[in-house]
2 protein chains.
Amino acid sequence: MTGDTRRPHTGRRRNEAARRAILDVAVELLGRTDDAPVTIDTIAAAAGVGKQTIYRWWPSKGAVLLEAMAERAGHDIPVPDTGTLRGDLDEFLTATFRRAGMRLTATVLRHSMAEAQRDQHAREQMRAFVGARRDVLRGVLARARDRGEIAPDADLDLIVDQAYGVLWYRILTGHAPLGDADASRLARALSDQAAATLTP
Amino acid sequence: MTGDTRRPHTGRRRNEAARRAILDVAVELLGRTDDAPVTIDTIAAAAGVGKQTIYRWWPSKGAVLLEAMAERAGHDIPVPDTGTLRGDLDEFLTATFRRAGMRLTATVLRHSMAEAQRDQHAREQMRAFVGARRDVLRGVLARARDRGEIAPDADLDLIVDQAYGVLWYRILTGHAPLGDADASRLARALSDQAAATLTP
DNA sequence: TACTTGTCGAGACGAACAGTCTCGATAACG
DNA sequence: CGTTATCGAGACTGTTCGTCTCGACAAGTA
């Protein structure tokens, strides 16, 4: 409570190289074989790192995996701006499906979602990640609404859920791949769906 | 290869009561607390059963859970026949969302899907279960197609994925509940989507 | 240059759990 | 009554998570 202003930071600093190695190795090990037993000991050994270095910075094994996933699955998906909802959705869903459809990324996503059902820390990180991705897509829809392309009372969340729902459902069950054609068809269907409420 | 026709079955028979107790207890334990550690030992003890009795009939812990889930989530969802696609979808999705939205059922579904990512047996059972549920919904759509309500070349699988995608996505992330209103809105959107391809 | 402080890699350790194995008892058949 | 397969019970092994301890090392401070 009293002024802790003295000594803002002393001692050795966090090793950024170790952090990178841990996150990279976690992903790489998942990709080696699909039924690979990715354990903390394996990650630590492969990253040339002590176990305590992992548990000093992450609260659980799932938290490591979730951070690696969020990095890999969230970056480099640009926010589109084609001028039309249909075009924006096509571009966004194609990029998103391509990323998620990559074998390694899909594997990471699958195991991250599984971990999120068991590990409380991972669960919260998954919530944050999913929320962030949803916000981006909802933003695309909101812009279209502001342009007057869709009804003011359209259920944007339900549309978002359909897009990401198809993605996760296919990744988790593996009953069908995520192709460009699927992304385009879904983009068309969802933009039509959003516009339909305009014509009662 | 030679005639094994002698002695088609001797010895004590499988105890059906034990089977029921195991499946019921597995579900019940999952529901007790959400972060409950449901273990094989716990199931065996609560069901008044030896561990070997479980492993004699199921190949893994995940297989037990998946069978319990398939029983609970697949039964008593009637195939609707209202005469219109919109009506059929509304009835089917409302019943399905109600079932999956029940707290206990949702918990079982969540952990089953998680188990399916780690356990090969559970994975195959999940595939079979998901395939069966998809077949039912695809059948509803196919009937509408035969009635001429939707285009012959409509992508039925994508529509099915949108419906079950929303369901699983919400259950696994927990970012929103599965309400009757969601089911009805989705039914309307998907029936419109299927019909839209008719009017180019 | 010494001193303090926090991180480093390494690995021992305990607890929890999945799955196997063995045991004597018991039920369904001939 | 003899054969056979399942039953409940629990000991046992192997794996993994997460904690704890150790001496070494780096980044500031005096």
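We name chains A, B, ... by the order of the sequence lines, and we start the count at 1 in each one.
Here D:dC25 presents its P atom at 19 Å from CD of A:Gln52, a figure rounded to the nearest Å. For the pair A:Ile40 CD1 and C:dG9 P, the computed distance is 14 Å after rounding to whole Å. Distance, A:Trp58 CH2 to D:dT19 P: 15 Å, rounded to whole Å. The nearest whole Å value for the distance from the CG atom in B:Asn15 to the C1' atom in C:dT26 is 11 Å. Rounded to an integer number of Å, the gap from B:Asp119 CG to C:dA18 P is 11 Å. The distance from atom CD1 of B:Ile43 to atom P of D:dA9 is 16 Å, rounded to the nearest whole Å. Taking atom OH of residue A:Tyr55 and atom P of nucleotide C:dT7, one finds them 18 Å apart after rounding to whole Å. If you take CG of B:Leu29 and P of C:dC17, they are 12 Å apart, rounded to a whole angstrom.
Contact annotation for A:Trp57: backbone-only contact, meaning every heavy-atom pair under 4.0 Å involves sugar-phosphate atoms and none involves a base.
Which of C:dG9, D:dG10, D:dG8 sits closest to the side chain of A:Ala18 comes down to C:dG9. Side-chain proximity of A:Lys51 to C:dA12, C:dC8, C:dG19: nearest is C:dA12. If you check C:dA10, D:dG18, D:dC7 against the side chain of B:Arg56, the one that comes closest is D:dC7.
Taking 4.0 Å as the cut-off between side-chain N and carboxylate O, B:Glu124 and B:Arg127 do not count as a salt-bridged pair. Electrostatic pairing of A:Asp146 and A:Arg143 does not count as a salt bridge here, judged by no charged N lying under 4.0 Å from a carboxylate O.
Taking the nucleotide of DNA chain C with the nearest heavy atom to each of A:Gly50 and A:Asp41, the more 5' of the two is matched to A:Gly50. Looking at which nucleotide of DNA chain C each of B:Pro59 and B:Gly11 is closest to, the 5′-most match is held by B:Pro59.
For B:Arg12 against C:dT26, a side-chain N or O and a base N or O form a donor-acceptor pair under 3.5 Å.
The side chain of A:Arg13 places no N or O atom within less than 4.0 Å of a non-bridging phosphate oxygen (OP1 or OP2) of C:dG6. The shortest distance between the side-chain N/O atoms of A:Thr10 and the OP1/OP2 oxygens of D:dA27 is not below 4.0 Å.
Here the straight-line distance linking atom CD1 of B:Ile150 with atom CG of B:Leu85 works out to 6.0 Å at 0.5 Å rounding.
Annotation: side chain of B:Leu190 is not in contact with side chain of B:Leu141 (no heavy-atom distance under 4.5 Å).
Looking only at atom types and distance, the side chain of B:Asp157 has no donor-acceptor partner in the side chain of A:His175 under 3.5 Å away.
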